[in-house]
Amino acid sequence: MNKDTLKKMGDMRLHGMQTAFKSFVELPPTVTFTNDEMAQYLVQNEWDDRKHRSLQRNIKTAKFRYLADVDGIDFSNKRELDKNQIDRLLTCEFIKKGQDVFITGSTGTGKSYLASAIGRQACLFGFKVYYTNTAKLLSVLKMAKADGSHIRELARIEKQDLLILDDFGIQSFDASGRALLMDIVEDRHGKHSTIIASQVPVKNWYDVIGEQTVADAILDRLVHQSVRVELKGESLRKLKKENNTEETEKIN
């Protein structure tokens with residue numbers, strides 16, 4: 001009878017409940033549950049399993065560049081990170097408010113990692129997150145525009161609770177890129193949050209976007225009510241390479 005019950009649970013995709021019931025069947029006969037306790041035990045395990053699988057799907061769909069988490073954020077003095085500010089961002093209240101976040105700093109200072117860590121935390125809270133390189137995203141949208149499928153892609157981007165645009169401004173925007181960026185910003189303005197990670201200071205974004213009128217329209221929607229995080233210090237990749245070299249020399 002238990003085998004039949006387990007099979008039916010599997011057929012109904014009640015995998016958490018199936019695992020819990022299988023574990024219960026294998027428990028010593030001295031362990032007993034009341035009817036209420038058994039129901040709670042099975043339902044709670046099914047709930048936990050579905051939440052876990054949903055989280056894993058969200059993280060996979062987000063396509064993060066780094067396997068980043070909050071414990072890996074470097075708060076050393078040289079970086080001048082405000083821990084209170086980062087802790088507030090990690091509550092993801094800014095997403096509920098539809099605020100945008102700008103993370104700037106020199107190359108290698110950990111902008112992408114910090115953006116990914118915040119994004120992963122958002123996934124833990126059940127938000128839909130999408131991480132992308134800005135230039136690659138615009139390139140994909142330009143190609144999709146040829147057959148009209150970019151409308152569908154823009155709609156998908158609009159629905160994300162948090163969009164992370166990394167490496168913003170490394171390449172200057174052409175007319176098509178500016179128009180697509182305007183579409184993205186306009187669709188999300190006041191409704192959903194965007195994190196922009198860039199090695200270009202915010203004051204120089206006008207020059208990067210180009211065409212004053214469009215730049216004004218885009219930045220007017222982004223800059224107001226935004227939260228700014230500036231990373232300082234040397235390149236973390238450079239420091240890591242130097243540390244690895246020193247360790248190798250010690251061994252040799």
More than 12 non-hydrogen atoms from neighbouring residues, nucleotides or ligands closer than 6.0 Å to [atom1] on [X], yes or no?
X    : atom1 : answer
K142 : NZ    : yes
K203 : NZ    : no
L67  : CG    : no
R13  : CZ    : no
Q40  : CD    : yes
Q44  : CD    : yes

Linking I/L/V/M/F/W/Y whenever their side-chain heavy atoms sit closer than 4.5 Å, directly or via other members, would V101 and V202 fall into one cluster?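 They do not share one cluster, since no chain of ILVMFWY contacts under 4.5 Å joins V101 to V202.
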
[X] [atom1] to [Y] [atom2] distance, which is reported to the nearest 0.5 Å:
X    : Y    : atom1 : atom2 : result
F94  : S193 : CZ    : OG    : 5.5 Å
Q225 : Q99  : CD    : CD    : 6.5 Å
H189 : H224 : NE2   : NE2   : 8.5 Å
T194 : R188 : OG1   : CZ    : 4.0 Å
Q18  : K7   : CD    : NZ    : 10.5 Å

Between D174 and R178, does any NZ, NE, NH1 or NH2 come within less than 4.0 Å of an OD or OE carboxylate oxygen?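 Between D174 and R178 there is no salt bridge, as every charged N stays at least 4.0 Å from the carboxylate O atoms.
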
Is any NZ, NE, NH1 or NH2 atom of the basic residue among D100 and R228 found under 4.0 Å from an Asp or Glu carboxylate oxygen of the other?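 Here D100 does not pair with R228 in a salt bridge, since their nearest N and O are not under 4.0 Å apart.
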
Pairwise side-chain contact, [X] with [Y], heavy-atom cut-off 4.5 Å (strictly under):
X    : Y    : result
D82  : I86  : no
L42  : L14  : no
I59  : F64  : yes
L89  : V227 : yes
E153 : L141 : yes
L180 : L137 : no
L162 : I164 : yes
I196 : I103 : no

If we count only N and O atoms by modelled type, under 3.5 Å, do the side chains of D36 and T34 hold a donor and an acceptor together?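 Judged by distance alone, the side chains do not pair up.
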
Distance-only donor-acceptor check, side chains S149 and D147, under 3.5 Å: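 Judged by distance alone, the side chains do pair up.
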
Mark yes or no for whether [X], through its side chain, and [Y], through its backbone, hold a donor-acceptor pair below 3.5 Å.
X    : Y    : value
Y41  : A20  : yes
E46  : G16  : yes
W205 : V200 : yes
E230 : G105 : no
Q160 : L163 : no
T132 : T134 : no
S139 : A135 : no
R88  : K83  : no

Let me see the working for D183 and K145 under salt bridge (Lys or Arg N to Asp or Glu O under 4.0 Å), right down to the final yes or no. CA-CA 13 Å; D183 286 339; K145 201 168 185 177; 5.7 Å; no

Row check, Y130 ring normal vs R156 NZ/CZ: under 6.0 Å, within 45°: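 Yes, cation above the ring, under 6.0 Å and within 45°.
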
Using side chain to side chain donor-acceptor pair (under 3.5 Å), reason through S116 and R65 one step at a time and then give a plain yes or no. CA-CA 7 Å; S116 297; R65 181 176 179 181; over 6 Å; no

When the ring centroid of F168 is compared with that of F173, is the distance short of 6.0 Å?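 F168 vs F173: aromatic centres under 6.0 Å.
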
Working for salt bridge (Lys or Arg N to Asp or Glu O under 4.0 Å), residues E186 and R221: CA-CA 8 Å; E186 178 64 26; R221 288 161 174 75; 2.4 Å; yes

Start with the C-alpha gap between D166 and S112, add the side-chain angles, then the distance that decides, and say whether side chain to side chain donor-acceptor pair (under 3.5 Å) holds. CA-CA 7 Å; D166 199 4; S112 300; 2.5 Å; yes

